[in-house]
2 protein chains.
Amino acid sequence: MNAPQLTRNQALVFDVLEKAEGPLSAYTILDKLRDQGFRAPLQVYRALDKLLEYGVVHRLESINSFVACAHPGEDCHSHGIVAFAICESCGQVIEFHDHEVDHRLMGWVRSQKFKPAKTTIEIRGTCEACAA
Amino acid sequence: MNAPQLTRNQALVFDVLEKAEGPLSAYTILDKLRDQGFRAPLQVYRALDKLLEYGVVHRLESINSFVACAHPGEDCHSHGIVAFAICESCGQVIEFHDHEVDHRLMGWVRSQKFKPAKTTIEIRGTCEACAA
DNA sequence: ATCAATTGCGTTATGCTATAACGTGTGCAA
DNA sequence: TTGCACACGTTATAGCATAACGCAATTGAT
Ligand SMILES: [Zn+2]
Ligand SMILES: [Zn+2]
Ligand SMILES: [Zn+2]
Ligand SMILES: [Zn+2]
């Protein structure tokens with residue numbers, strides 16, 4: 001999915017995510033956009049839905065938060081499953097891909113005749129900088 | 001983590017999960033236990049916390065639900081990362097392990113000096129039976 | 001036996017996450 | 001012009017999770 005011209009709300013939400021140090025919850029985004037006229041969660045969720053569809057934002061299922069894609073222009077989704085390492089101390093997120101992991105998972109999926117729609121890989125832990 | 005004797009509440013929650021066809025949300029579990037005297041979400045969440053700690057129940061992050069471990073007695077967690085395929089049509093969950101996936105992910109983690117605490121792999125899609 | 005610490009439990013209240021439902025306005029194509 | 005698709009705004013509601021309090025039972029020293 002290629003991203004068309006963003007609407008005002010989509011652009012505002014994307015901008016907040018891009019400038020953020022780490023992942024943000026929808027309600028945190030809402031708070032950051034009150035000055036721009038945002039009033040209700042739905043304004044954020046609707047924008048996020050589109051940004052997710054365009055592939056420029058990822059949802060982190062294990063922490064109910066959202067991040068801007070770390071590989072803009074590469075069309076992440078076209079080269080396999082996206083994985084995330086999430087530091088529970090500083091909130092930093094590292095986005096990466098591993099083709100071998102993709103192959104193994106997709107091999108298993110095929111053997112089970114399971115039709116995958118969306119795959120989540122999230123490693124929560126402590127990043128190098130935060131390690132005691 | 002080996003499971004000690006379960007308390008009454010823990011046993012009730014585990015029993016509900018074991019008998020269920022698929023994953024259940026905490027509030028669904030609560031509803032199923034009203035007749036046994038359950039009144040508040042916390043009674044469920046506290047039991048779930050322990051069952052998760054003992055490794056006899058898994059949490060599915062992408063759907064905010066819980067399932068009984070499909071490999072009782074095998075101590076899932078000791079032989080690597082647990083992965084789930086979740087059918088969005090019938091709710092069935094298949095729990096599996098893949099050492100190669102573990103190795104790849106743990107290799108990446110080591111190369112980044114990232115300290116993993118909890119890893120989530122969830123494939124949402126359609127199972128063979130539900131495929132059109 | 002007694003005291004202190006731990007653990008489980010019950011209850012109330014609250015906070016966080018997400019969507020339903022309704023109505024408005026705008027742009028575009030038949 | 002009419003109909004449709006889409007974004008938007010607002011209010012209300014649904015669904016998920018935890019804080020904080022107090023009490024009771026258990027355990028494990030002393
Ligand atoms: Zn990406
Ligand atoms: Zn960190
Ligand atoms: Zn298991
Ligand atoms: Zn199915």
Side-chain angles (χ1 to χ4, degrees), chain A residues 1-17 20 22-54 56-67 86 88 91 118 120 122 124, chain B residues 1-17 20 22-54 56-67 86 88 91 118 120 122 124:
Chain A
M1 178 73 57
N2 232 25
Q5 185 60 30
L6 299 182
T7 66
R8 170 182 153 85
N9 283 6
Q10 290 160 17
L12 284 168
V13 168
F14 182 65
D15 199 53
V16 165
L17 281 175
L24 301 177
S25 77
Y27 279 73
T28 302
I29 296 171
L30 175 57
D31 286 338
K32 287 182 182 292
L33 289 175
R34 298 238 179 240
D35 292 344
Q36 275 66 43
F38 274 49
R39 293 278 165 273
L42 227 62
Q43 296 176 279
V44 177
Y45 281 110
R46 288 204 272 232
L48 285 172
D49 281 346
K50 286 300 181 183
L51 296 171
L52 290 167
E53 183 184 328
Y54 302 152
V56 295
V57 161
H58 298 295
R59 177 191 170 88
L60 302 177
E61 307 281 359
S62 64
I63 57 174
N64 297 319
S65 294
F66 304 84
V67 283
I86 306 166
E88 294 178 304
K118 179 99 205 313
T120 297
E122 295 175 16
R124 294 180 306 297
Chain B
M1 179 74 57
N2 232 25
Q5 185 60 31
L6 299 182
T7 66
R8 171 182 151 83
N9 284 5
Q10 290 161 17
L12 285 168
V13 168
F14 182 65
D15 198 52
V16 164
L17 281 175
L24 301 177
S25 77
Y27 278 72
T28 302
I29 296 170
L30 174 58
D31 286 338
K32 287 182 183 293
L33 290 175
R34 299 242 180 236
D35 293 344
Q36 275 66 29
F38 274 51
R39 293 276 163 276
L42 228 64
Q43 296 175 279
V44 177
Y45 281 110
R46 289 203 272 231
L48 285 172
D49 281 346
K50 285 301 181 182
L51 295 171
L52 290 168
E53 183 184 328
Y54 302 152
V56 296
V57 161
H58 298 296
R59 176 189 169 87
L60 302 176
E61 307 281 358
S62 64
I63 56 174
N64 297 321
S65 295
F66 304 84
V67 285
I86 305 167
E88 293 178 306
K118 178 99 203 315
T120 297
E122 295 175 17
R124 297 184 299 301

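Because the structure is a prediction, the values reported are computed rather than measured. Chain identifiers are assigned alphabetically (A, B, ...) following the order of the sequence lines, protein sequences preceding nucleic acid strands; residue numbering begins at 1 within each chain.
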*Rounding to a whole Å, what distance do you find between A:Arg46:CZ and C:dT17:C1'?*
16 Å
_Assess the residue pair B:Leu51 and B:Leu6 against the criterion (side chain to side chain contact (heavy atoms under 4.5 Å, CB included)); give the C-alpha distance rounded to whole Å, side-chain angles, the decisive distance to 0.1 Å, and a yes or no._
CA-CA 9 Å; B:Leu51 295 171; B:Leu6 299 182; 3.9 Å; yes
*Between atom CG in B:Leu51 and atom P in C:dG8, what is the gap in whole Å?*
11 Å
_Separation of atom CG in A:Leu52 from atom P in C:dT19, rounded to whole Å_ = 11 Å
*Would you say A:Tyr27 stacks on C:dT17, if stacking means ring centres under 5.5 Å apart and planes within less than 30 degrees?*
yes
*Should B:Thr120 and A:Arg124 be marked as a side chain to side chain contact (heavy atoms under 4.5 Å, CB included) after you check the CA-CA gap, both sets of side-chain angles, and the distance that decides it?*
CA-CA 8 Å; B:Thr120 297; A:Arg124 294 180 306 297; 3.1 Å; yes
*Taking all non-hydrogen atoms of both residues into account, name the closest pair between A:Ala26 and A:Leu48 and its distance.*
CB-CD1, 4.2 Å
*Rounded off to whole Å, could you give me the CD1-to-P distance for the A:Ile63 and C:dT17 pair?*
10 Å
*asked:* Whole angstroms only, please: what is the CG-P distance between A:Asp49 and C:dT19?
replied: 7 Å
*Which atoms form the tightest heavy-atom contact between A:Ala47 and A:Val13, and what is the distance?*
CB-CG2, 3.7 Å
*Does A:Ile63 offer a backbone N or O that forms a donor-acceptor pair with the side chain of A:Ser65 under 3.5 Å?*
yes
*Rounded to the nearest Å, what distance is computed from the OH atom of residue A:Tyr45 to the P atom of nucleotide C:dT17?*
7 Å
*Intermediate values then yes/no, side chain to side chain contact (heavy atoms under 4.5 Å, CB included), A:Phe66 and A:Leu60*: CA-CA 6 Å; A:Phe66 304 84; A:Leu60 302 177; over 6 Å; no
*How would you give the extent of chain B contacts on DNA chain D, as first and last nucleotide 5' to 3' within a 4.0 Å heavy-atom cut-off?*
D:dC16 to D:dA20
*Taking the nucleotide of DNA chain C with the closest heavy atom to each, which residue, A:Thr28 or B:Thr7, is nearer the 5' end?*
B:Thr7
*Take the protein atom CG of B:Leu30 and the nucleotide atom P of C:dG10, then report the distance between them rounded to whole Å.*
12 Å
_Pick the closest DNA chain C nucleotide for B:Asn64 and for B:Ala40 by heavy atoms, then say which residue is nearer the 5' end._
B:Ala40
*Salt-bridge present (B:Glu122, B:Arg59; N to O < 4.0 Å)*: no
_Output the rounded distance in Å from CZ (B:Arg39) to P (C:dA13)._
16 Å
